[in-house]
Amino acid sequence: TVAPVSIAVAEEFRKMQPKVRVNVGISGTGGGFKRFTAGETDISDASRLIRDEERAAAGNNSINFVEMKVGTDGLSVLVHPKNDFVDCLTVEELKKTWEPGSTVKTWSDVRSSFPSEKIQLFGPDTDSGTFDYFTEEIIGEVQASRADYTASADDNILVRGISGSKYALGYFGYSYYSENKESLKAIAIDDGNGCVAPEAETIEDGSYTPLSRPLFIYVNTESVKRPEVIEFIRFYMEVGAKLTREVGYVPEAPSVYTGNLTKVGL
């Protein structure tokens, strides 16, 4: 989820520092933390807070780190662009569709007025921070989900799946929807206070609930001793707000970015 921001920052950094190569690998948040807490990476993107067991793994490997908030995402629920029967779903309808043991097989199982067409589900895999956040907010328990759906850690694969299936339903970060609006349709969510669609304004003002969530990077404090990492982090905090907005997320206040630098003594 955070990859579009970090990739954009790395590309801009390379223009200024052509001798420094910043490799940005893509995985789920959990997969990223496995490598980060083992000391294999300098920085780990995350679409959720680090878990206690991940903190413990870092401690066992003598990895110290700082957490930096870099933006806010509106986790988006998507359908095929030609879907003309659904514009809004309630949290309860989403729960009924995605919960473990769900009996929802067709769209009419979601709502009786919907067509009796087989629903095709797409979503992040179990290593994803997006999966963790969605299940916690919609199902009420982290990692509680039906398993019979097309799962991938690569949101681009989910984009292709939903845009290629007329009766699809799926979810992923707002940035990937923002980049593919011509081939996807975002669904408004009703948490009991009316239908609200994921848009930059609704994410920023907090009205898109319960699927707005913070985005982070975690930085290995040992890595910050290296001058190229120091300069990359400094650059990330300087251009992060601009690039976060450009890729489709909501940036933080300037004080958040300067506060992040203070955490590593910059």
Side-chain angles (χ1 to χ4, degrees), residues 1-5 7-8 26 47 71-98 102 104-125 128 130-131 133-135 137-138 145-146 148-191 194-204 207-213 215 244-250:
T1 302
V2 190
V5 183
I7 289 170
I26 297 178
S47 58
T72 303
D73 174 31
L75 197 160
S76 303
V77 179
L78 296 313
V79 295
H80 191 276
K82 292 186 177 178
N83 183 316
D84 60 0
F85 57 84
V86 58
D87 296 305
C88 178
L89 291 172
T90 67
V91 169
E92 280 304 312
E93 288 171 331
L94 284 174
K95 180 179 180 181
K96 180 172 69 171
T97 302
W98 286 96
S102 172
V104 170
K105 301 294 183 184
T106 67
W107 274 100
S108 58
D109 292 332
V110 180
R111 192 182 299 173
S112 60
S113 60
F114 291 164
S116 298
E117 298 287 350
K118 184 179 179 181
I119 194 167
Q120 293 172 288
L121 298 172
F122 297 85
D125 65 15
S128 166
T130 301
F131 175 81
Y133 194 87
F134 183 87
T135 51
E137 293 299 323
I138 299 301
S145 174
R146 66 189 298 167
D148 57 336
Y149 70 95
T150 300
S152 177
D154 186 344
D155 288 345
N156 291 304
I157 291 175
L158 302 180
V159 169
R160 290 196 292 272
I162 298 168
S163 63
S165 176
K166 187 176 179 181
Y167 296 105
L169 176 69
Y171 65 93
F172 45 75
Y174 180 79
S175 176
Y176 288 89
Y177 161 62
S178 180
E179 287 291 308
N180 297 278
K181 286 186 176 181
E182 73 287 344
S183 57
L184 297 167
K185 175 182 172 181
I187 297 303
I189 305 301
D190 184 354
D191 68 347
C195 298
V196 179
E199 298 171 351
E201 295 77 16
T202 60
I203 297 167
E204 190 164 12
S207 61
Y208 182 66
T209 59
L211 294 178
S212 291
R213 52 158 177 184
L215 304 176
T244 295
R245 189 175 294 282
E246 282 186 9
V247 302
Y249 296 132
V250 176

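The main-chain N or O of Ala197 is found under 3.5 Å from a side-chain atom of Thr202 such that the two form a donor-acceptor pair. Between the side chain of Asn83 and the main chain of Val86, a donor-acceptor pair closer than 3.5 Å is present. A donor-acceptor contact shorter than 3.5 Å is absent between the side chain of Thr135 and the backbone of Tyr133. Judged by distance alone, the side chain of Ser178 and the main-chain N or O of Tyr174 form no donor-acceptor pair under 3.5 Å. In this structure, the side chain of Tyr249 engages the main chain of Thr1 through a donor-acceptor pair within 3.5 Å. Side-chain N or O atoms of Ser212 include none that pairs as donor or acceptor with a backbone N or O of Thr209 at under 3.5 Å. At least one donor-acceptor pair under 3.5 Å links the side chain of Arg146 to the backbone N or O of Val104. Within the 3.5 Å criterion, the main-chain N or O of Asn180 finds a donor-acceptor partner in the side chain of Ser183.
Using a 4.0 Å cut-off between charged side-chain N and carboxylate O, Lys96 and Asp109 make no salt bridge.
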Could you give me the CA-CA distance, side-chain angles and deciding distance for Lys105 and Asp148, then say whether salt bridge (Lys or Arg N to Asp or Glu O under 4.0 Å) is met?
CA-CA 10 Å; Lys105 301 294 183 184; Asp148 57 336; 3.8 Å; yes
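Contact between Pro210 and Val91 at its shortest, heavy atoms only, is CD-CG2, 3.9 Å. Shown here for His80 and Lys185, the closest heavy-atom pair between the two residues is O-CB, 3.8 Å.
Aromatic ring orientation, Tyr149 versus Trp98: perpendicular (interplanar angle above 60°, classes split at 30° and 60°).
At a threshold of 4.5 Å between non-hydrogen side-chain atoms, the residues Leu158 and Pro124 count as touching. Contact check for Val196 versus Ile189: no side-chain heavy atoms found under the 4.5 Å cut-off.
Between the side chains of Asp190 and Thr90, no donor-acceptor pair is found at a separation under 3.5 Å. In the model, Thr130 has a side-chain atom that pairs as donor or acceptor with a side-chain atom of Arg213 under 3.5 Å.
Side-chain rings of Trp107 and Phe85 approach one another, their centers coming within less than 6.0 Å.
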